[in-house]
Amino acid sequence: MIPSFGHGWRGSQGVESGRHVWLVDRPAFFAYQAPMDIPRFHLAFPVRDLAEARAFYGQLLGCPEGRSSDAWIDFDFHGHQIVAHLAPEEVGHMSTNSVDGHAVPVRHFGAILNPADWDALAERLQAAGTRFIIEPHTRFKGEPGEQSTMFFLDPSGNALEFKAFADDAMVFAK
């Protein structure tokens with residue numbers, strides 16, 4: 001099954017599925033992977049309000065919506081499945097650890113984007129008035145693992161981190 005994407009998508013790329021090559025549109029900030037090129041992760045997380053989650057993940061972050069019910073919504077999060085579950089009593093983050101001089105929320109999730117897509121997302125979030133926990137910046141400058149990073153909260157208080165590496169080989173640098 002080939003996904004159907006909404007507004008904000010550009011270009012086309014060939015995606016092999018068996019013997020067929022399909023053309024799918026993709027957003028500027030979305031690096032679509034052919035089905036199961038790499039294992040996909042699945043993450044379920046609590047939200048206080050499904051309409052807020054739909055607006056934040058679907059509209060602001062541009063994640064296409066999958067199946068849903070009155071208790072949860074599936075989103076295509078850069079080729080991975082995340083599920084916002086209605087559980088207002090479980091939202092928010094508490095603990096932080098110090099990383100490169102910043103208080104990083106222990107419980108967080110996100111994606112590693114290419115640098116151009118990371119820049120576009122940072123600009124879109126800034127234009128939308130997003131309050132950052134950690135402003136977009138470069139971490140570990142001049143060291144192995146140098147990366148652009150930013151942290152912010154969704155409307156339910158779930159922490160998200162988006163990163164970009166100029167050199168993809170540095171993702172797991174020691």
Side-chain angles (χ1 to χ4, degrees), residues 1-93 105-133 149-164 168 171:
M1 181 174 177
I2 299 299
S4 172
F5 300 124
H7 59 53
W9 298 76
R10 68 163 189 211
S12 293
Q13 67 181 25
V15 176
E16 278 192 42
S17 175
R19 295 180 186 206
H20 303 284
V21 175
W22 303 91
L23 291 180
V24 296
D25 290 332
R26 64 182 175 82
F29 56 92
F30 185 81
Y32 181 80
Q33 295 288 323
M36 296 307 289
D37 280 355
I38 60 172
R40 294 187 193 126
F41 72 78
H42 164 82
L43 174 71
F45 59 98
V47 297
R48 68 179 180 201
D49 182 274
L50 291 176
E52 282 181 338
R54 185 172 273 125
F56 181 83
Y57 290 95
Q59 294 171 11
L60 181 60
L61 295 185
C63 299
E65 186 175 323
R67 295 173 300 139
S68 66
S69 78
D70 59 354
W72 52 268
I73 305 169
D74 284 347
F75 293 101
D76 179 338
F77 187 75
H78 303 276
H80 302 281
Q81 184 189 50
I82 62 171
V83 186
H85 282 272
L86 187 59
E89 68 284 355
E90 293 187 34
V91 300
H93 77 281
V106 171
R107 195 181 82 182
H108 68 271
F109 67 95
I112 299 172
L113 306 175
N114 70 50
D117 292 346
W118 185 90
D119 287 339
L121 177 60
E123 288 175 18
R124 190 170 57 258
L125 292 169
Q126 289 167 330
T130 300
R131 287 187 41 204
F132 291 92
I133 297 172
T149 186
M150 62 181 140
F151 281 83
F152 51 93
L153 301 177
D154 75 4
S156 295
N158 295 301
L160 286 91
E161 176 185 20
F162 283 83
K163 300 180 178 190
D168 197 53
V171 170

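The analysis underlying the following values was restricted to heavy atoms, covering all of them including side chains, and did not include hydrogens, waters or symmetry mates.
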Contact check, side chains of Arg54 and Glu65, non-hydrogen atoms, under 4.5 Å: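 Yes - at least one pair of side-chain heavy atoms lies under 4.5 Å apart.
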
Hey, are the side chains of Asp49 and Pro155 touching, using non-hydrogen atoms and a 4.5 Å cut-off?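 No, every pair of side-chain atoms sits at 4.5 Å or beyond.
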
Nearest heavy atoms of [X] and [Y], plus distance in Å:
| X | Y | answer |
| --- | --- | --- |
| Met150 | Trp118 | CE-NE1, 3.4 Å |
| Leu50 | Ser69 | CD1-O, 4.0 Å |
| Ala53 | Val47 | CB-CG1, 4.1 Å |
| His80 | Ile38 | CE1-CD1, 4.4 Å |
| His78 | Ala111 | CD2-CB, 3.9 Å |
| Ala84 | Phe75 | CB-CE1, 4.2 Å |

For the [atom1] atom of [X] and the [atom2] atom of [Y], what is their distance to the nearest 0.5 Å?
| X | Y | atom1 | atom2 | answer |
| --- | --- | --- | --- | --- |
| Leu86 | Ile73 | CG | CD1 | 9.0 Å |
| Glu90 | His85 | CD | NE2 | 10.5 Å |
| Asn158 | Leu153 | CG | CG | 8.0 Å |

Please check if the side chain of [X] supplies one atom and the backbone of [Y] the other of a donor-acceptor pair under 3.5 Å.
| X | Y | value |
| --- | --- | --- |
| Ser156 | Val91 | no |
| Asp154 | Phe56 | no |
| Arg124 | Leu60 | yes |
| Thr130 | Leu125 | yes |
| Arg67 | Asp74 | no |

So, do [X] and [Y] have ring centers that fall under 6.0 Å from each other?
| X | Y | result |
| --- | --- | --- |
| Phe45 | Tyr57 | yes |
| Phe109 | Phe41 | no |
| His108 | Phe151 | yes |

Verdict with reasoning, Lys163 to Leu113, per side chain to side chain contact (heavy atoms under 4.5 Å, CB included): CA-CA 6 Å; Lys163 300 180 178 190; Leu113 306 175; over 6 Å; no

